[in-house]
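What follows is a single structure, written as structure tokens, with notes after it.
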Amino acid sequence: MTKPRVIHIITRLILGGAQENTLLTVVGQQRSGRYDVVLLSGIDEGPEGTLHDQARAAGVNLVLVPWLVRPINPLKDVPALLALYRFIKKGGFSIVHTHS
């Protein structure tokens, strides 16, 4: 039986509450063995630092999309939407979980 594919999308994977909770959720789903999980994030690092290395160390399938940014930016939002649409469609995800 094929595992349900889950994608978590967050604009920035920095040190912080929502981001750390997202990473813990992804790691937990991955470790359960019940899901095929992908974490998609923008690349905004911010002064807080990122959780990119922690995600990779935990074996998370981390995909970075440079157009995915937190502040509204039409010049980046349109390419981000297209990239998300294509990635989700190509990936055949059963569940799309958005954060932030």
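All values below come from the heavy atoms of this structure, side chains included, with hydrogens, waters and symmetry mates left out. Position 1 is the first residue of the sequence, and the numbers go up from there.
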Single-linkage hydrophobic cluster, 4.5 Å side-chain cutoff, Leu64 and Val6 together: yes

Same cluster or not: are Leu62 and Ile95 linked, directly or through other Ile, Leu, Val, Met, Phe, Trp or Tyr residues, by side-chain heavy atoms under 4.5 angstrom apart? yes

Roughly how far, to the nearest 0.5 Å, is the CG atom of Leu84 from the CD1 atom of Ile9? 5.0 Å

To the nearest 0.5 Å, how far apart are CZ in Arg56 and CG in Leu51? 11.0 Å

Check whether any side-chain heavy atom of Val69 sits under 4.5 Å from a side-chain heavy atom of Asp44, and report yes or no. no

If we only count heavy atoms from C-beta on, is the Phe87 to Val65 side-chain gap below 4.5 Å? no

Return the minimal non-hydrogen interatomic distance between Trp67 and Ala80, and the atom names on each side. O-CB, 3.5 Å

Under a 3.5 Å distance rule, please check whether Gln30 uses its side chain to pair with a backbone N or O of Ala58 as donor and acceptor. yes

For Pro4 and Ser94, work out which heavy atoms get closest and say how close. CA-OG, 3.9 Å

4.5 Å side-chain heavy-atom contact, Ile72 and Asp77: yes

Distance check, rounded to the nearest 0.5 Å: Leu39 atom CG versus Thr25 atom OG1? 10.0 Å

Should Leu40 and Leu82 be counted in the same cluster of Ile, Leu, Val, Met, Phe, Trp and Tyr side chains packed under 4.5 Å apart? no

Which residues share a ring pair (Phe, Tyr, Trp, His ring centres under 6.0 Å) with His52, sequence neighbours left out: none

Separation between CD1 of Ile43 and OG1 of Thr11, rounded to the nearest 0.5 Å: 12.5 Å

More than 12 heavy atoms of other residues, nucleotides or ligands under 6.0 Å from CZ of Arg70: yes or no? no

Search all heavy atoms of Leu68 against all heavy atoms of Ser41 and return the closest pair with its distance. CD2-C, 4.1 Å

Give me the atom names and distance for the closest heavy-atom approach of Val37 to Asn61. O-CB, 3.7 Å

Does a donor on one side chain and an acceptor on the other come within less than 3.5 Å for His8 and Thr22? no

Shared ILVMFWY cluster between Ile10 and Val60, side chains joined below 4.5 angstrom? yes

Single-linkage hydrophobic cluster, 4.5 Å side-chain cutoff, Ile88 and Leu81 together: no

List for me each residue that meets side-chain contact (heavy atoms from CB on, under 4.5 Å) alongside Arg5, sequence neighbours excluded, and say none if there are none. Asp36, Val38, Phe93

When you measure from the side chain of Asn21 to the backbone N and O of Gly17, does any donor-acceptor pair fall under 3.5 Å? no

Using 0.5 Å steps for rounding, measure from the CZ atom of Arg12 to the CD atom of Glu48. 5.0 Å

Could you check Val26 against His97 for side-chain contact (heavy atoms from CB on, under 4.5 Å), going step by step and ending with a plain yes or no? CA-CA 10 Å; Val26 169; His97 190 153; over 6 Å; no

Measuring from His99:NE2 to Leu13:CG, what's the distance to the nearest 0.5 Å? 10.0 Å

